[in-house]
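Please read these numbers as outputs of a predicted model, since none were measured by experiment. Residue numbers begin at 1 in each chain, while the letters A, B, ... track the order of the sequences.
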Amino acid sequence: MTFVRDRDFGTPLRPGANTVTLRIDGRSVTVAGGTSVMAAAMQAGMSIPKLCATDMVEAFGSCRLCLVEIDGRRGTPASCTTPAEDGMVVHTQTDRLAKLRKGVMELYISDHPLDCLTCSANGDCELQDVAGAVGLRDVRYGYDGDKHRQEPKDESNPYFTFDSSKCIVCSRCVRACEEVQGTFALTIEGRGLDSKVSPGGVDFLGSECVSCGACVQACPTATLNEKSVIQMGTPTRSVVTTCAYCGVGCSFRAEMQGDRVVRMVPSKDGKANEGHSCVKGRFAWGYATHSDRIRKPMIRARISDPWREVTWEEAFAHAASEFRRIQAQYGRDSIGGITSSRCTNEEVFVLQKLIRAGFGNNNVDTCARVCHSPTGYGLKQTFGTSAGTQDFRSVEKADVVLLIGANPTDGHPVFASRLKKRLRQGAQLIVADPRRIDLVKSPHVAAAHHLQLLPGTNVALVNALAHVVVTEGLVKEDYVRERCDLEAFEHWARFIAQDQNSPEATESATGVPARELRAAARLYASGGNAAIYYGLGVTEHSQGSTTVMAMANLAMATGNIGREGVGVNPLRGQNNVQGSCDMGSFPHEFSGYRHVSDDATREMFESLWGVDLSDEPGLRIPNMLDEAVGGRFKGIYIQGEDIAQSDPNTKHVTAGLEAMECVIVHDLFLNETAKYAHVFFPGSSFLEKDGTFTNAERRINRVRKVMEPLAGLADWEVTLRFAQALGFAMKYEHPAQIMDEIARLTPTFAGVSYEKLDALGSVQWPCNDAAPLGTPIMHSERFVRGKGRFMITEFVPTDERTGPRFPLLLTTGRILSQYNVGAQTRRTANNVWHDEDVLEIHPFDAENRGVRDGDLVALASRSGEVSLRARISERMQPGVVYTTFHHPMTGANVVTTDYSDWATNCPEYKVTAVEVRRTNHLSDWQESDMESGVSLRRIAGRADAAE
Amino acid sequence: MSNDKLAYMANQIATNFRSMPEQEAIAATAEHIRLFWSPSMRAEMEGILRKPDTQLSAVARAAFTQLSTVKTK
Ligand code: SF4
Ligand code: SF4
Ligand code: SF4
Ligand code: FES
């Protein structure tokens, strides 16, 4: 592929059924009604000079360059603000227009520095292009209109500069920030010739800017420009691929020079993001070539030994002989593996295949265990399949959004922008969250209700919402009668109508005033299309699965499943959580969520793979660790997951790892888990391999290789070679062939192939004969399981209780700039926004403990203790404290307990009873972790090896 | 895995089915364990059943018993 700029139609395209036909420069053009004359011309392959218009934002009509003549109309209207009409006759190139345009350009250029040859946007500047297009040869007003030229550049943002001397005040950036991102960080200050763009009177870093890059994308000049472009020059080729951070799954053009990434630009054709991005995908990709990347395989006999770099052959042979030895000594079930939600579907599939068919057991689990396994369980029980019901676009049709336990502006930023857009159009928002997240109140967005519940009481809260629906006659009876299992409904309705579920009865547990809750329930049930979006604040509880079922009940009872604008939507954490679950990573299920005891399914796998497979569920991650501590589980292959940092009760995790005889870690970096490993396989980043990721809306997106793997092998190749060393050969030349096998074995993927993905861009599963182009909205005619099933969801409080020793509740979350355990984002300039985790504590609780803002405090639970800095914040209610877990040093999971979801063992990260007190030193765990961070990471012959 | 931990897990499952009629709750608990517990975990149930001092709820105990009879059949 060679470098081509995305075509800019000038104004947003409006897909619509009714069309209009007009003539432009003699050609007949048919477009959707509502399309501008400019976009009509552009769609027909013509081009009209423009500066203030771009199809990211609505037309503005300020630059007067896009003028056209229209037969029968006076003057020269702006084509960007004039809608195309049937029968219109338009001329875009006349002498009169040429003169007018030249005059306008003269004004612009007279006030613009003419250092094109040394400008970073040279070759990628619309001002330059338009000057060429209008044939500008001279500027009557001279070139020294230097009103802006003396302004210093704002270089405060780590990723882009703002050079106001080059600004033409087209206001595209301001509008992009408002309309696309929804942050409203930029304004035009001053008037007339004195007007200028400003991030609220401060520099970019100090402003409200969240560094999404939309303004940089929108800017037609070098005013807002990526620092990487300034440094490296313009790219020469581009490859479309998928962001490897979060479950939104944004499509990007990786713009390259040779095998070096110059910049990542969100792709307009990406259906998850439609041209938008967040700071992580857009800018924080530098980790991929960070010097901490391990590029050679390594082995060691004991974890206290220094690592020894070896060849791939030696690493595979050693690891294979260890695993064979362990199985011979301790039995077939004594080893297992963990697949990664960071890796591609194809990589996950071959790893679970290796475990089931090569290891001969079902001891495979995935990091989704610790985030969304309750989603899998809960949605399967009620609807029949383990996935969200909608596509992201559906939010454009929602009238009421119920957001539970999710913080999209930080966790799923591009979806948050789409949501905010809908809220600005008038949709109503109900937030159920212990914390006052940004969406409760931010520019032009205010939640109708913030149900500020106590952590651990989700089930009581959702039950109370359903209680109001049932007892106030708000059930959509036709829908329930037609679509749901009536007996189960009636049973449920009797249960939910009981007094114990009323808002008044649950108020003491949830802390949510009954009146507010009743109003929210009425709004959800009768405010039009109502959609539920939720995150880990739902799943990571001892009743995570129950809450998922309770939400499904609520949605079914109100008829809010099966069409656009409604649904139950998990906001998945990592890029490929959905995919890793789909691919058969759970110990009890093959790909497509079919239980291993299902004979027909198992036989299909057995006959294709040529081996007998176990019909018994294998161990889940926490069970593997328990069994390791018990001495029966001895070897593990961990791909792309850092359980020593991300899993709860760190001491228990490390005890389990220490008890094993061969731990293989396959990762980009020597992470926390690798401190306990005996074999290290260097991993490959998303830029170094082909494959697919499946996002939270079940969308299968292509990941395309833009550079060679730094360690020589892509992750899927590593698994294949390791399997071969174990004597289990898997033969694939390319991940496309792995996808073909997935399609053969998985009914919901039957119609998926790389060919189709390349042709369509992406598809949402189910994709098969019944839905060859995929399925944006699920359960539209009938539920996957036939009739929707209401489940009884009794509220059972967690056993993790506050008391005199631990009187506060700790809950955890994420922030925008860092990603999960931070292994990637901490290796980028994103640290300027967040270089340490802090403990948010309410002023009341702080005062009681003599804690001031910025004090070092000890955070202790019955599992352990860590020290971190306090930040006084009223986002939390008194009695609740909050922290993030992006930095290993914080060790937030030293404090979390091993309570877990009753159905899936998903850890209860969101509720831990703690105490906070001032301290002047790090905790013992932190001290010893710092020490082991050095001693367990030594590489023979190298002075240092940083995590 | 420690018996106490397994018993805790079984109790937790049984508790979440407690609003069902008892026989259904027992069946649901047993089915859940069959679907999601590994053979090694289920094998330990025998030991748990034999230890009278393990904190096992009536429903969980009945579910364990049901599973072990099915297995030995
Ligand atoms: S980077 Fe994004 S948030 Fe920041 S000013 Fe630009 S558009 Fe607004
Ligand atoms: S910074 Fe760029 S987009 Fe913004 S007004 Fe100036 S030239 Fe236009
Ligand atoms: S929203 Fe998620 S997928 Fe999109 S750019 Fe940001 S991190 Fe990447
Ligand atoms: S592009 Fe139409 S007025 Fe600027």
Chain B contact via [X] - which portion, at a heavy-atom distance below 4.5 Å:
X	answer
T793(A)	neither
N362(A)	neither
F795(A)	backbone

Sequence neighbours left out, what pairs pass salt bridge (charged side-chain N to carboxylate O under 4.0 Å, His left out) with at least one residue falling in residues 584-600 of chain A?
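For residues 584-600 of chain A: K380(A)-E589(A), D599(A)-R602(A).
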Would a 4.5 Å heavy-atom cut-off, applied to side chains only, mark [X] and [Y] as touching?
X	Y	answer
S38(B)	M624(A)	no
D626(A)	M41(B)	no
Y899(A)	Q12(B)	no
H588(A)	L35(B)	no

Within the supplied structure, the quantity of interest is the number of heavy atoms (other residues, nucleotides, ligands) at a distance under 6.0 Å from [X] [atom1]; does it exceed 12?
X	atom1	result
Q498(A)	CD	yes
E490(A)	CD	yes
E22(B)	CD	no

Heavy-atom pair with the smallest gap, counting every atom of P617(A) and P39(B)
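For P617(A) and P39(B), the tightest heavy-atom pair comes out as O-CD, 3.2 Å.
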Indicate the atoms forming the closest heavy-atom contact of A903(A) with H32(B), along with that distance.
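That would be O-NE2, 3.1 Å.
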Which residue out of V629(A), V596(A), T904(A), D799(A) racks up the most heavy-atom pairs below 4.5 Å with chain B?
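Of V629(A), V596(A), T904(A), D799(A), D799(A) has the most heavy-atom pairs under 4.5 Å with chain B.
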Distance check, rounded to the nearest 0.5 Å: S40(B) atom OG versus E627(A) atom CD?
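Output value for this atom pair is 4.0 Å.
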Nearest 0.5 Å, what's the CZ-CE distance between F17(B) and M791(A)?
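One finds 6.5 Å between CZ of F17(B) and CE of M791(A).
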With sequence neighbours left out, what residues match S597(A) under side-chain hydrogen bond (donor to acceptor under 3.5 Å, both in side chains)?
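So S597(A) forms a side-chain hydrogen bond (donor to acceptor under 3.5 Å, both in side chains) with H595(A).
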